[in-house]
Amino acid sequence: MKLVFWHWFLLFVTLVPSSLGLTSDGLALLALSKNLMLPNNISSNWNASNATPCKWNSVTCDKRGNVISLDLTSSGISGSLGPEIGHLEYLQVLSLSDNNISGSIPPELGNCNMLEQLDLSQNFLSGQIPASMGNLKKLSLLSLYSNSLSGAIPKELFKNQFMEKVYLHSNQLSGSIPFSGEMKSLRSLWLHENMLSGVLPDSICNCTKLEELYLLDNQLGGDLPKNLSDIKGLRIFDATTNNFTGEIPFSFEKNCKLEIFILSFNQIRGEIPKWLGNCSSLTQLAFVNNSLSGQIPPAVGLLRNITYLLLSQNNLSGPIPPEIGNCRLLLWLELDANQLEGTVPKELANLRNLQKLFLFENRLTGDFPEDIWSIQSLQSVLIYRNGFTGKLPSVLAELKLLQNITLFDNFFTGAIPPGLGANSHLVEVDFTNNSFVGGIPPNICSGKTLRILDLGSNHLTGSIPSGVVDCPSLERLIVQDNSFSGHIPEFRNCMGLNYIDLSHNGFAGPVPPNVFSNCHCLVQIRPQANSLNVSIPGFRDCTNLGIIDLSYNTFSDKTPPKYVYCVRCNGRKGGSFT
Ligand SMILES: *[C@@H]1O[C@H](CO)[C@@H](O)[C@H](O)[C@H]1NC(C)=O
Ligand SMILES: *[C@@H]1O[C@H](CO)[C@@H](O)[C@H](O)[C@H]1NC(C)=O
Ligand SMILES: *[C@@H]1O[C@H](CO)[C@@H](O)[C@H](O)[C@H]1NC(C)=O
Ligand SMILES: *[C@@H]1O[C@H](CO)[C@@H](O)[C@H](O)[C@H]1NC(C)=O
Ligand SMILES: *[C@@H]1O[C@H](CO)[C@@H](O)[C@H](O)[C@H]1NC(C)=O
Ligand SMILES: *[C@@H]1O[C@H](CO)[C@@H](O)[C@H](O)[C@H]1NC(C)=O
Ligand SMILES: *[C@@H]1O[C@H](CO)[C@@H](O)[C@H](O)[C@H]1NC(C)=O
Ligand SMILES: *[C@@H]1O[C@H](CO)[C@@H](O)[C@H](O)[C@H]1NC(C)=O
Ligand SMILES: *[C@@H]1O[C@H](CO)[C@@H](O)[C@H](O)[C@H]1NC(C)=O
Ligand SMILES: *[C@@H]1O[C@H](CO)[C@@H](O)[C@H](O)[C@H]1NC(C)=O
Ligand SMILES: *[C@@H]1O[C@H](CO)[C@@H](O)[C@H](O)[C@H]1NC(C)=O
Ligand SMILES: *[C@@H]1O[C@H](CO)[C@@H](O)[C@H](O)[C@H]1NC(C)=O
């Protein structure tokens, strides 16, 4: 009823002089509120009997009573934006950000040609961006991010010389970037998380005021623009996960302002440019998973503000430059999966803020510098699959933040520091295939977070400490191929354990009958090739057991089964007895 009335009334006042009642802007707002569901706390004073809407919640007028701003940010609005928006011809600011508005953007919005700021971000808008929005010649902020907009970006939209900030990210926009180099005022262009394809047009280099360019997670490809460095003030360039190819063709050698320069997950070839050393403002530099070759330029040591240096998964060769030790603010140093050779420079121990050190899968050799193990901020040290030698110093056990330490496939010797785990919340420890001697640190699980303990193929001795047997978080325990002895312990507290490998050790004697009966998701146990005297029925209570391999032991039963399958493991089918 009410809606029908307003529809009629709107028609009426457009035919009759407006002195009779509410201004046409007010009528347009009421008409808008037909489709846009305003909560009571806003619509409560949107009163049709007022002469102007200027005192209404969320509405601002100029001196003549024209509506110049409608700000309904985070107001709990649902419904859709109707064509009546086009009647608000004096509107300069429209924000409907962070609501539940659905439907499409009405083409009539293009009539609001005084608009300077348009923010429809964080809604459920779908459909295409109307080409008529190219008429909004005064627009300086266009924010449509986090919606479900699809189709191409209309080329008319990118011809606006006053446009400063464009946020179109997190939609489903496709097609190419319709750049023509006319947006001379552009400072921020955020296009990430769409399905944009084609090249990054050269004309972008005409937007010389550009500071922030986010392109990540699209399908852009081809060469990067040669003249990108014409954009003197560019601070952020992030093109992660696209298909860019070729070498880095530009040079920001003079007055580099870059702070974030990221090309990870592309197909960039060639060498890491030396001019990067002149970008002392850089805080993040990442080229993960490209085809870069050549050496890491020592000039990276000039990047005094760098916090993330991520060069993993390329074809980089040569040594790790000792100059990296000058980058005192480094938090993450990731050089894994390359062809790096030589020793790890002892200067890396100067990185007193380092949290992650990833050097795995290279050809690094020599003693791993012991001083690195006294960097108190270390959380994750992944250096597996190299040719490292040396010992682990006892200071390693004092690191309080250490979670993950994986050294497997190296030539480390000596004992595992006996205090390891006593002061930290270890999660993953993998020392497989080294030459460690001595026992398992008794407090390795005192943080109660240890999930993986992998110590296989070393020369370890003694028994499995009760701290490991009772470790509540443990999922995987592998001690195969060592010289452990004594009885197989009784795992009473092993709810999460799904893999135990005790094989090829000196475990002996009888196995306690219900040794694994609390292990609710034990998928595989491999105690083969010990000197066990097993009574097979002891395992039959363990309903969740998946595989047990008891081969090469001494048994009291006549014919031990090589494998035992039980039926259930957290609902998964395990198989059957063989
Ligand atoms: C609407 O405005 C009229 C006149 O200004 C006033 O009499 C009336 O009470 C208002 N209605 C509401 C619901 O505020
Ligand atoms: C907005 O949408 C979300 C999820 O679709 C829903 O949970 C929420 O209740 C909606 N809020 C309003 C004000 O409609
Ligand atoms: C109005 O109510 C909605 C919920 O219906 C709430 O999200 C919003 O913050 C409120 N606005 C004001 C100005 O109180
Ligand atoms: C850059 O701008 C100049 C002058 O406005 C224009 O002549 C030129 O064509 C533009 N270049 C590109 C690549 O858009
Ligand atoms: C890159 O191109 C390849 C083949 O041309 C395609 O399979 C892949 O999905 C593309 N990746 C991205 C991120 O666009
Ligand atoms: C790149 O810049 C050079 C010199 O400023 C200019 O001659 C050339 O036309 C530009 N190339 C493009 C593709 O804009
Ligand atoms: C770039 O850095 C190098 C090495 O520090 C320096 O010799 C050169 O002058 C710098 N170039 C510019 C243009 O500042
Ligand atoms: C390095 O960071 C500090 C603190 O954020 C800042 O003051 C300084 O300007 C930065 N240096 C460069 C060369 O950008
Ligand atoms: C890059 O990532 C792809 C996909 O994850 C992977 O197959 C490839 O091995 C990686 N390249 C390198 C050099 O690690
Ligand atoms: C990596 O570089 C070496 C030379 O250093 C070269 O022989 C090899 O083909 C390169 N591999 C890839 C995948 O580019
Ligand atoms: C340690 O490893 C676990 C399991 O791989 C992972 O979830 C966690 O994020 C890692 N912690 C750190 C600090 O890298
Ligand atoms: C043990 O590590 C060394 C050094 O990385 C490697 O050469 C060897 O292949 C590894 N052995 C096994 C069985 O993986």
Side-chain angles (χ1 to χ4, degrees), residues 271-272 274 276-277 285 287-288 292-304 306 308-397 399 402 404-417 420 429-437 457-458:
E271 303 203 353
I272 297 176
K274 294 187 178 50
L276 282 167
L285 180 62
F287 297 139
V288 177
L292 292 170
S293 53
Q295 305 200 359
I296 301 175
V300 294
L302 299 168
L303 306 177
R304 299 304 169 92
I306 196 141
Y308 300 96
L309 178 59
L310 315 181
L311 308 177
S312 314
Q313 299 174 30
N314 281 289
N315 196 16
L316 298 170
S317 55
I320 298 175
E323 288 82 356
I324 290 183
N326 296 331
C327 305
R328 298 296 167 93
L329 300 181
L330 258 187
L331 301 177
W332 294 10
L333 177 59
E334 302 189 1
L335 308 178
D336 52 274
N338 278 295
Q339 316 282 338
L340 298 173
E341 311 168 309
T343 58
V344 173
K346 61 183 186 318
E347 286 81 356
L348 294 196
N350 296 334
L351 303 173
R352 303 319 279 183
N353 297 297
L354 200 63
Q355 298 170 353
K356 297 197 183 204
L357 177 60
F358 292 5
L359 302 177
F360 59 86
E361 290 173 356
N362 276 293
R363 299 174 181 166
L364 298 163
T365 51
D367 282 3
F368 188 79
E370 290 195 10
D371 287 345
I372 288 180
W373 298 117
S374 60
I375 300 175
Q376 292 301 311
S377 48
L378 284 177
Q379 296 175 6
S380 221
V381 183
L382 312 187
I383 58 175
Y384 57 86
R385 294 212 176 107
N386 278 291
F388 291 126
T389 53
K391 294 187 164 69
L392 300 181
S394 57
V395 287
L396 168 56
L399 299 178
L402 190 64
N404 296 330
I405 173 168
T406 61
L407 316 176
F408 64 85
D409 292 349
N410 278 295
F411 305 109
F412 283 101
T413 52
I416 301 174
L420 186 66
V429 176
D430 192 340
F431 290 179
T432 301
N433 185 26
N434 279 282
S435 295
F436 288 111
V437 296
S457 301
N458 279 288

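The residues of the chain are indexed from 1 along the displayed sequence. What's counted below: heavy atoms across the whole structure, side chains too, no hydrogens, waters or symmetry copies.
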**Asked** When you look at L292 and E271, which way does the side chain to side chain contact (heavy atoms under 4.5 Å, CB included) test go after all the steps?
**Response** CA-CA 6 Å; L292 292 170; E271 303 203 353; over 6 Å; no

**Asked** Would you call the rings of W332 and Y308 parallel, tilted or perpendicular, where under 30° means parallel and over 60° means perpendicular?
**Response** perpendicular

**Item:** Rounded distance [0.5 Å steps], CG in N338 versus OG in S312
**Value:** 7.0 Å

**Message:** Is there a side chain to side chain contact (heavy atoms under 4.5 Å, CB included) between F431 and I405? Walk through the geometry before answering.
**Reply:** CA-CA 8 Å; F431 290 179; I405 173 168; 3.8 Å; yes

**Message:** How long is the straight-line distance from CG of L310 back to CZ of F358, given to the nearest 0.5 Å?
**Reply:** 9.5 Å

**Request:** Locate the shortest heavy-atom distance separating P321 from P297; write the atom from each residue and the value.
**Result:** CG-O, 4.2 Å

**Prompt:** What distance do N315 atom CG and Q339 atom CD have between them, rounded to the nearest 0.5 Å?
**Reply:** 5.0 Å

**Request:** State, to 0.1 Å, how close A397 and L420 come at their nearest heavy-atom pair, and which atoms those are.
**Result:** CB-N, 3.6 Å

**Message:** Run the side chain to side chain contact (heavy atoms under 4.5 Å, CB included) test against N326 and tell me which residues pass, sequence neighbours left out.
**Reply:** R304, E323

**Item:** Under 3.5 Å: donor-acceptor pair, side chain of N404, backbone of T406
**Value:** no

**Message:** Evaluate R328 against R352 for side chain to side chain contact (heavy atoms under 4.5 Å, CB included), listing each step before the verdict.
**Reply:** CA-CA 7 Å; R328 298 296 167 93; R352 303 319 279 183; 6.0 Å; no

**Message:** In the structure I gave you, are the side-chain heavy atoms of V300 and I306 within less than 4.5 Å of one another anywhere?
**Reply:** no

**Fill in**
All heavy atoms of I296 vs all of L316, minimum pair found to be CG1-CD1, 4.2 Å

**Fill in**
Looking only at heavy atoms, the pair that brings P319 and Q295 closest together is CD-OE1, 3.6 Å

**Nearest atoms (heavy-atom pairs only) where N458 meets S435** = OD1-N, 3.3 Å

**Message:** For P393 versus W373, what's the shortest heavy-atom pair and its separation?
**Reply:** CD-CD1, 3.3 Å

Identify every side-chain donor-acceptor pair in residues 380-390 under 3.5 Å, counting partners at least two apart or on other chains, and give the distances.
from: R385; atom 1: NE; to: D409; atom 2: OD2; distance (Å): 3.3
from: R385; atom 1: NH1; to: E361; atom 2: OE2; distance (Å): 3.1
from: N386; atom 1: OD1; to: N362; atom 2: N; distance (Å): 3.2
from: N386; atom 1: OD1; to: R363; atom 2: N; distance (Å): 3.4
from: N386; atom 1: OD1; to: L364; atom 2: N; distance (Å): 3.0
from: N386; atom 1: ND2; to: L359; atom 2: O; distance (Å): 3.0
from: N386; atom 1: ND2; to: I383; atom 2: O; distance (Å): 3.1
from: N386; atom 1: ND2; to: Y384; atom 2: O; distance (Å): 3.4
from: T389; atom 1: OG1; to: G366; atom 2: O; distance (Å): 3.3
from: T389; atom 1: OG1; to: D367; atom 2: N; distance (Å): 3.2
from: T389; atom 1: OG1; to: D367; atom 2: OD1; distance (Å): 2.6

**Between CG on residue D371 and CG on residue N350, distance to nearest 0.5 Å** = 9.0 Å

**Request:** Taking the side chain as every heavy atom from C-beta outward, state whether Q376 and L399 have any atom pair closer than 4.5 Å.
**Result:** yes

**Nearest-0.5 Å distance, OG1 of residue T365 to CZ of residue F411** = 10.0 Å

**Asked** Rounded to the nearest 0.5 Å, how far does CG of L407 lie from CG of N433?
**Response** 11.5 Å

**Message:** Which residues pass the side chain to side chain contact (heavy atoms under 4.5 Å, CB included) test with S377, not counting sequence neighbours?
**Reply:** I375

